[in-house]
Amino acid sequence: MVSDTRAGGAPGYEGEPTLVNFGKFVLVGIVNTAFGYAVFVLFYLLLGSHHLAITLATACGAVFNFHSTGWLVFRSRRISALLPFVAGYTAIWLVNILLLDKLITFAISPLARQTLALPLLALLSYAINRYLVFGRPR
């Protein structure tokens, strides 16, 4: 039986070469990041807690990003990837909290600290999604 990676994705994701795939991830990631950062800012301004704002923004972002990243980058609509995706986002959330707490020594606002953390978080997210959630390429 021939595998249709557009419908399935992992475990045998056979998409574009890594560089092309990463490029798509970056483009979709810009939209995902803009969404997530806007939600973070909104919750931070409303609640005044960067921990709570990150938690709520991560939860909202996980739902939004599961669909955009899964379909547009990895060509997967498998609902079975949702649990690993949420687990990956939980790991990213934890790294995000720890990183923002470490960046407090720079005496800059939590909004600026979150901006500084974004590149590392994006690379971590790509690795988790490509190799753990949507499958390692054959």
Side-chain angles (χ1 to χ4, degrees):
M1 179 175 211
V2 176
S3 171
D4 184 0
T5 59
R6 289 171 296 171
Y13 172 69
E14 297 173 4
E16 298 88 4
T18 301
L19 189 57
V20 172
N21 188 249
F22 184 73
K24 286 173 66 176
F25 181 83
V26 168
L27 292 175
V28 171
I30 290 169
V31 173
N32 290 350
T33 300
F35 174 82
Y37 190 74
V39 173
F40 167 76
V41 169
L42 176 68
F43 283 129
Y44 178 73
L45 294 175
L46 288 173
L47 304 172
S49 165
H50 69 276
H51 287 142
L52 190 53
I54 289 170
T55 301
L56 294 172
T58 300
C60 293
V63 173
F64 182 84
N65 298 354
F66 175 73
H67 294 290
S68 62
T69 301
W71 175 241
L72 296 173
V73 178
F74 297 105
R75 294 189 219 138
S76 174
R77 291 188 178 183
R78 292 178 308 106
I79 197 68
S80 62
L82 183 59
L83 186 58
F85 189 85
V86 169
Y89 258 75
T90 301
I92 293 164
W93 166 80
L94 182 59
V95 169
N96 195 352
I97 293 284
L98 295 172
L99 191 55
L100 260 63
D101 286 348
K102 290 291 182 190
L103 290 173
I104 201 165
T105 61
F106 290 113
I108 56 177
S109 77
L111 299 178
R113 284 184 267 154
Q114 183 65 23
T115 302
L116 290 174
L118 288 176
L120 176 65
L121 297 170
L123 290 173
L124 178 61
S125 178
Y126 178 76
I128 288 171
N129 283 302
R130 177 154 177 112
Y131 297 106
L132 301 176
V133 176
F134 296 107
R136 179 179 220 87
R138 288 186 199 167

* Spacing of T33 atom OG1 and N65 atom CG [to the nearest 0.5 Å] -> 7.5 Å
* To do: Search all heavy atoms of C60 against all heavy atoms of F43 and return the closest pair with its distance.
  => SG-CE1, 4.2 Å
* Asked: Linking I/L/V/M/F/W/Y whenever any side-chain heavy atoms sit under 4.5 Å apart, do L103 and L120 land together?
  -> yes
* Just wondering, do R130 and V73 contact through their side chains at under 4.5 Å, heavy atoms? -> no
* Linking I/L/V/M/F/W/Y whenever any side-chain heavy atoms sit under 4.5 Å apart, do L94 and I54 land together? -> yes
* To do: Indicate, with yes or no, if L98 and Y44 share a hydrophobic cluster defined by side-chain heavy-atom contacts under 4.5 Å among Ile, Leu, Val, Met, Phe, Trp and Tyr.
  => yes
* To do: Heavy atoms only: give me the nearest R113-I108 pair and the separation to one decimal.
  => NE-O, 3.1 Å
* Are I104 and L52 grouped together when hydrophobic residues (ILVMFWY) are joined by side-chain heavy atoms under 4.5 angstrom apart? -> no
* With sequence neighbours excluded, residues passing side-chain hydrogen bond (donor to acceptor under 3.5 Å, both in side chains) with T55 -> W93
* Asked: If you group Ile, Leu, Val, Met, Phe, Trp and Tyr by side-chain heavy-atom gaps below 4.5 Å, do F40 and L42 land in one group?
  -> no
* Asked: Do L45 and V41 come close enough that some side-chain heavy atom pair is under 4.5 Å?
  -> yes
* Can you check whether H51 reaches L100 side chain to side chain, under 4.5 Å on heavy atoms? -> no
* Asked: G36 and A57: which non-hydrogen atoms are nearest, and at how many Å?
  -> O-CB, 3.8 Å
* To do: Answer whether the closest heavy-atom distance between the side chains of N21 and Y126 falls below 4.5 Å.
  => yes
* pair Y37-Q114: side-chain heavy atoms closer than 4.5 Å -> yes
* After noting the C-alpha distance and the side-chain angles of T58 and I92, does the key distance pass the side chain to side chain contact (heavy atoms under 4.5 Å, CB included) rule? -> CA-CA 9 Å; T58 300; I92 293 164; over 6 Å; no
* Structure fact -> Distance col, row N96:CG vs H50:NE2, nearest 0.5 angstrom, shows 9.0 Å
* Asked: Per the ring-ring contact (aromatic ring centres under 6.0 Å, His included) rule, which among F35, W71, F85, Y89 passes with F64?
  -> F35
* Verdict with reasoning, V31 to L72, per side chain to side chain contact (heavy atoms under 4.5 Å, CB included) -> CA-CA 12 Å; V31 173; L72 296 173; over 6 Å; no
* Locate the shortest heavy-atom distance separating A91 from I128; write the atom from each residue and the value. => CB-CD1, 4.4 Å
* Relative to the ring of F25, is the ring of F22 parallel (under 30°), tilted (30 to 60°) or perpendicular (over 60°)? -> parallel
* Heavy atoms, side chains only, cut-off 4.5 Å: are T69 and V133 in contact? -> no
* Roughly how far apart are L99 CG and L118 CG, rounded to 0.5 Å? -> 9.5 Å
